[in-house]
Amino acid sequence: MSRLTNVLLDLDVVGNTVKANGSYGAQSDFVDLDVNLDELPRLGKLVQMELSGTARLRGKLRGFDGNFSGEGDVDVRQLKLDDTIQIETVSGQFNLGSAPGSPWVGDIVASKVKVPDAATNVLNELKLTLRGIRSQHQLQGVFSSGLQPFSRLRPLKGEFALSGGLGVLEKPKSVSGWKGQLAQLKVEGMWLPARSFSLQAPAPLVVAPGFVELADFVLKGEDTSVLNNRILRVADREIRVEGEMPQFYFPRMSPILRQQLTVEPKDLVAKVNWNYVANPNKVDGHVDIRHVSGGLQVLSDSQVDVNIRTMTANLDFNREAASVDLNILADDFGAVTANLKLPVQQNPQTKAWGIAGDAAMQGSVAAGFTELNWLGPMISGGVRTSGTGQVAMAIAGTANNPDVQGRLFALDLDVFQLDQGVRLEDGNVVVDFTTDKASIDTFEFTVYNRRPPRRYIEELGPLIQGNGKVQAQGVWNLTGLNGEIRLTMDRVPLLQRPDRWMMVNSSVTVQQPSVDGQPLKIRGEVDTLGAYFEMPESGPQTLGDDVFIQGRSELAGQGLPIDLQLRANLGERFYVNAEGLRTRLEGGLRLVMLEGVGGSGQRRSGRRLSATGTIQTVSGTYRAYGQDLSIERGVVNFQGPLDNPGLNVRAVRKGVAVEAGVEVTGTAQRPKVSLVSEPAVPDSEKLSWMILGRGSGSADRDSTLLLTAAAAIFGDEDESTTRKIAKSIGIDDLSLSTGSLTAADSRAVGSKVAIAPGADASANVIGSDDPLLSQRIVSLGKRFSDRVYLSFDQSVTTAASILKLNYQYSRRLSFIARAGADNAVDVLYQFSFD
């Protein structure tokens with residue numbers, strides 16, 4: 001370049017100025033520069049770009065024999081260049097001399113660099129420091145990023161250092177360039193288990209016009225992961241990359257991915273090799289993965305491990321096609337072989353290479369599973385499976401319109417959900433599938449009677465013989481429309497637990513909508529052949545409506561809307577033992593739910609399951625206040641929400657002169673409980689007859705019993721401690737009362753027994769309140785039926801005892817036989833009047 005003298009430039013473009021003054025070309029020449037871009041928005045309108053912010057550059061420019069140098073400072077604020085980049089600040093100064101020994105120094109700081117409208121910064125901050133001379137200097141950099149694509153706990157950040165100088169290169173040819181080494185590199189916040197990598201040794205680096213080469217680039221993780229890229233070269237329009245990772249540790253999933261995926265690597269290590277060459281004449285790339293150790297893990301409450309024996313994966317690509325081959329062999333799992341070949345093409349506008357969406361592709365998948373124990377946890381945490389399976393699939397068509405044909409087999413398939421007592425065994429499943437639908441060719445399971453209920457064996461015994469069958473057939477469209485599956489159950493013991501047992505016949509149809517946005521229809525009928533349900537008297541534990549579980553998505557119920565209509569028939573052998581109720585139920589319900597669809601067909605929040613129908617008890621007892629009350633009437637009427645039926649229940653104590661009990665009306669959420677009796681007596685008398693089996697005239701002798709009953713009423717605890725003790729030794733009643741053992745009392749209605757010989761005669765007075773004459777009496781009773789009751793009373797303070805047999809012939813007439821301190825047979829006829 002020839003010498004320029006008297007350089008003078010004064011340019012003003014809509015408020016943006018550029019000034020230059022001086023000479024250029026000789027060793028002593030320099031040009032003063034002053035650039036002020038204060039009106040970038042106005043300049044952007046001229047060049048049809050969106051520009052904003054300010055940028056200023058002041059300094060000196062020199063040049064001699066082709067060597068350029070300069071010094072100055074830069075200040076950029078709120079710079080935005082169209083949709084390309086946005087920078088909050090750039091500031092610093094530099095001095096770059098042209099002679100080999102001239103100083104090279106500089107300090108530049110940039111902050112908040114990102115793509116416009118992006119949520120996070122590509123760079124939060126970048127600091128560059130340059131020290132040394134032209135022929136030998138070092139550039140150090142420290143950066144931090146707002147990106148967290150790999151680890152939420154460790155943000156992406158790092159540091160690096162380049163060491164070298166400018167001069168004449170020997171290779172690839174004699175040109176001026178920069179030669180040195182990448183002396184330092186450390187990056188944190190990676191996805192890999194190491195989460196950070198650091199350079200193990202300086203890597204030679206050469207940069208020249210049209211030429212870049214980085215050799216022996218070795219990064220090591222904080223674990224044992226190593227990345228060794230032997231060569232990265234860009235020269236003569238050719239790119240070459242070659243390297244390996246001797247041990248690549250597949251990372252475990254992040255907490256977010258764990259909620260979406262059911263399988264993750266477990267200690268899985270592989271060796272990875274790669275090489276890539278691209279020039280104007282060809283593209284040839286290859287990635288090879290080989291298993292070293294470890295396997296996979298199915299995520300569930302009890303995790304299932306899949307130990308991989310061998311695994312190979314190959315990716316090859318050129319300017320004609322990209323192909324993938326995968327082979328996996330795992331112990332106690334099976335083998336998988338897959339291949340896919342996709343044609344590629346170059347975009348005529350962008351010149352970029354990509355998958356040819358309309359060209360023919362081909363591929364296949366073949367898998368044989370020797371054990372399906374991993375399938376259950378993928379379905380649900382409490383499901384367990386076993387059996388064998390096969391999958392064969394052919395892939396054709398194009399990437400934009402794929403054509404998939406395949407068949408799935410599952411043989412000797414067992415599906416258990418043991419916490420609910422569900423056991424499906426000896427299953428055979430054959431499903432033909434295409435790109436858009438799955439057709440069930442075979443779906444059948446045998447359900448064996450493995451565990452009988454703990455009670456009502458005589459009534460349910462005939463049902464326990466034989467086995468049940470579950471079958472399904474139909475077509476399920478993956479497009480979500482016009483599919484139908486029919487499920488039938490024949491004598492299936494659906495639940496098999498000692499406390500929950502149920503056998504059903506059912507026929508249910510699931511229909512996909514014919515129009516997008518309409519609900520999934522479920523129609524059918526379930527007939528109960530026999531059932532036994534037992535629940536503790538405390539009832540199932542539930543969470544209140546104001547309790548929210550952290551991490552549970554509230555959007556889970558916003559999937560496909562459901563239109564459910566089922567008819568449920570209880571049959572003639574439906575027994576329950578729950579909340580103190582022991583009875584047989586009969587009746588039926590029609591269950592309806594239209595979830596997620598409003599009256600106009602628009603989506604709305606989910607609706608509760610509702611029911612219509614009536615369920616009623618047939619005989620049975622209800623345990624209340626420590627007594628087994630006979631159910632005279634038990635009707636539960638459903639006309640709306642399933643959790644709030646209407647109640648009409650009456651239970652009384654039979655076999656006594658006054659048959660007293662409780663009556664429950666209203667609804668389940670607002671029940672109304674009252675005391676009833678026949679004949680009608682005051683509530684205090686009703687309570688005494690229901691709890692003690694007699695009137696309250698002698699209640700003072702049984703204050704302990706009344707207190708216990710009161711505690712049961714107000715404490716809502718029907719199963720008292722004495723009741724539990726009595727049941728454990730095989731009797732019905734165990735009580736401790738205060739009274740007297742007198743012959744006179746032994747014949748009185750409701751008295752305990754007779755007095756022992758030699759006892760104080762004053763104790764014969766019924767209702768005596770003298771504490772010195774009263775006795776503590778332990779009573780044990782066993783009821784053989786509603787009419788026959790056997791009791792034994794023993795005085796604590798004397799040796800007197802009585803064995804008494806009571807036969808209630810009718811409500812008014814009873815026969816009492818005694819043996820012990822008093823031997824007698826009494827005939828009692830009782831009547832009451834106001």
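- Every residue two or more places apart in sequence or in another chain was checked for a ring pair (Phe, Tyr, Trp, His ring centres under 6.0 Å) with Trp501, and none qualifies.
- Nearest heavy atom pair, residue Arg567 against residue Arg590, reads NH1-N, 3.8 Å.
- Using a 4.5 Å cut-off on side-chain heavy atoms (C-beta onward), Val515 and Leu481 make no contact.
- When the shell of 6.0 Å around CD of Glu484 is examined, it contains more than 12 heavy atoms from other residues, nucleotides or ligands.
- Between Leu529 and Asn505 the shortest side-chain heavy-atom distance falls below 4.5 Å.
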*Report the C-alpha separation of Ile395 and Ser364 in whole Å, then their side-chain angles, then the decisive distance to 0.1 Å, and conclude whether the side-chain contact (heavy atoms from CB on, under 4.5 Å) test is met.*
CA-CA 6 Å; Ile395 304 173; Ser364 64; over 6 Å; no

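- Using bins of under 30°, 30° to 60° and over 60° for the plane-to-plane angle, the ring pair Phe533/Phe574 lands in the parallel bin.
- One distance of note links CD1 of Ile485 with CD of Gln473; it measures 10.5 Å at 0.5 Å rounding.
- For the atom pair CD (Gln417) and CG (Leu424), the distance works out to 10.0 Å, reported to the nearest 0.5 Å.
- When only modelled atom types and interatomic distance are considered, Glu525 and Asn569 share a side-chain donor-acceptor pair under 3.5 Å.
- A salt bridge links Lys266 with Asp305: at least one charged nitrogen is closer than 4.0 Å to a carboxylate oxygen.
- Panel note: side chain Ser630, backbone Thr621; no donor-acceptor pair is recorded below 3.5 Å.
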*Working for side chain to side chain donor-acceptor pair (under 3.5 Å), residues Thr337 and Asn327*: CA-CA 5 Å; Thr337 300; Asn327 292 277; 3.3 Å; yes

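- Between Asp414 and Asp426, the closest side-chain pair of non-hydrogen atoms falls below 4.5 Å.
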_Intermediate values then yes/no, side-chain contact (heavy atoms from CB on, under 4.5 Å), Phe638 and Thr612_ = CA-CA 5 Å; Phe638 293 86; Thr612 57; 5.7 Å; no

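- Put simply, NE2 on His291 and CG on Leu329 are 10.5 Å apart, with the number rounded to the nearest 0.5 Å.
- Counted by atom type alone, Ser506 and Asp527 present zero donor-acceptor pairs between their side chains at under 3.5 Å.
- Ser386 places no side-chain N or O within 3.5 Å of a backbone atom of Asn373 that could act as its donor or acceptor partner.
- No side-chain heavy atom of Glu586 sits less than 4.5 Å from a side-chain heavy atom of Glu572.
- Contact detail for Arg423 and Val447: the closest heavy-atom pair is O-CG1, 3.3 Å.
- Residue Val475 comes nearest to Ser439 through the heavy atom pair CG2-OG, 3.7 Å, listed as atom of the first residue, atom of the second, then distance.
- In this structure, the side chain to side chain contact (heavy atoms under 4.5 Å, CB included) partners of Asn482, at least two apart in sequence or on a different chain, are Asn477, Ser514.
- Gly376 and Thr385 make their closest contact through N-OG1, 2.8 Å (heavy atoms, listed as atom of the first residue, atom of the second, distance).
- Using a 4.5 Å heavy-atom cutoff, the side chains of Tyr249 and Leu268 are not in contact.
- Taking the six-membered ring where tryptophan is involved, the planes of Tyr532 and Tyr456 are tilted, since the angle between them lies from 30° to 60°.
- Arg500 and Glu534 are not joined by a salt bridge, as no carboxylate oxygen comes within less than 4.0 angstrom of a charged side-chain nitrogen.
- Considering only residues two or more places apart in sequence or on other chains, Thr388 meets the side chain to side chain contact (heavy atoms under 4.5 Å, CB included) condition with Leu411.
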*Does the pair Lys672 and Glu663 meet the rule for a salt bridge (charged side-chain N to carboxylate O under 4.0 Å, His left out), with working shown?*
CA-CA 8 Å; Lys672 181 181 179 182; Glu663 186 174 71; over 6 Å; no

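- One finds a salt bridge joining Glu425 and Arg450 here, because a Lys/Arg side-chain nitrogen approaches an Asp/Glu carboxylate oxygen to under 4.0 Å.
- The structure places CZ of Arg582 at 7.0 Å from CG of Asp628, a figure rounded to the nearest 0.5 Å.
- Other residues, nucleotides and ligands contribute more than 12 heavy atoms inside 6.0 Å of the CD atom of Gln511.
- Judged by distance alone, the side chains of Thr665 and Asn648 never bring a donor and an acceptor atom under 3.5 Å apart.
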*Check the pair Arg290 / Val292 against side-chain contact (heavy atoms from CB on, under 4.5 Å), numbers first and verdict last.*
CA-CA 6 Å; Arg290 294 288 183 271; Val292 175; 6.0 Å; no

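- Applying the side chain to side chain contact (heavy atoms under 4.5 Å, CB included) rule to Asp332 yields no partners; only residues at least two apart in sequence or on another chain are considered.
- Across all non-hydrogen atoms, the minimal contact from Thr488 to Ser507 is CG2-OG, 4.1 Å.
- Val635 places none of its side-chain heavy atoms less than 4.5 Å from the side chain of Val649.
- Side-chain contact check for Met489 versus Gln471: every heavy-atom pair is 4.5 Å or farther apart.
- Under 4.0 Å is where a charged nitrogen must lie from a carboxylate oxygen, and between Asp563 and Lys521 no such pair does.
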*Where do Asn428 and Phe445 land on the side-chain contact (heavy atoms from CB on, under 4.5 Å) test, with the steps shown first?*
CA-CA 7 Å; Asn428 291 306; Phe445 285 86; over 6 Å; no

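- Rounding to the nearest 0.5 Å places OG1 of Thr434 at 7.0 Å from CG of Leu478.
- Under the 4.5 Å side-chain criterion, counting only non-hydrogen atoms from C-beta, Pro498 is in contact with Arg451.
- Thr583 pairs by the side chain to side chain contact (heavy atoms under 4.5 Å, CB included) definition with Val576, Leu581, Leu585, Thr617, Ile631, not counting sequence neighbours.
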For residues 457-470, which side-chain donor-acceptor pairs fall under 3.5 Å, sequence neighbours excluded?
residue : atom : partner : partner atom : Å
Lys469  : NZ   : Thr446  : OG1          : 2.8

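- At a cut-off of 3.5 Å, with distance as the only test, a side-chain donor of Asn637 or Thr614 sits close to an acceptor on the other residue.
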*Start with the C-alpha gap between Asp331 and Asn307, add the side-chain angles, then the distance that decides, and say whether side chain to side chain donor-acceptor pair (under 3.5 Å) holds.*
CA-CA 6 Å; Asp331 297 331; Asn307 297 315; 5.9 Å; no

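- Listed here is the closest heavy atom pair of Thr435 and Val404: OG1-N, 2.6 Å.
- Between the CG atom of Leu487 and the CZ atom of Phe443 there is a distance of 7.0 Å, given to the nearest 0.5 Å.
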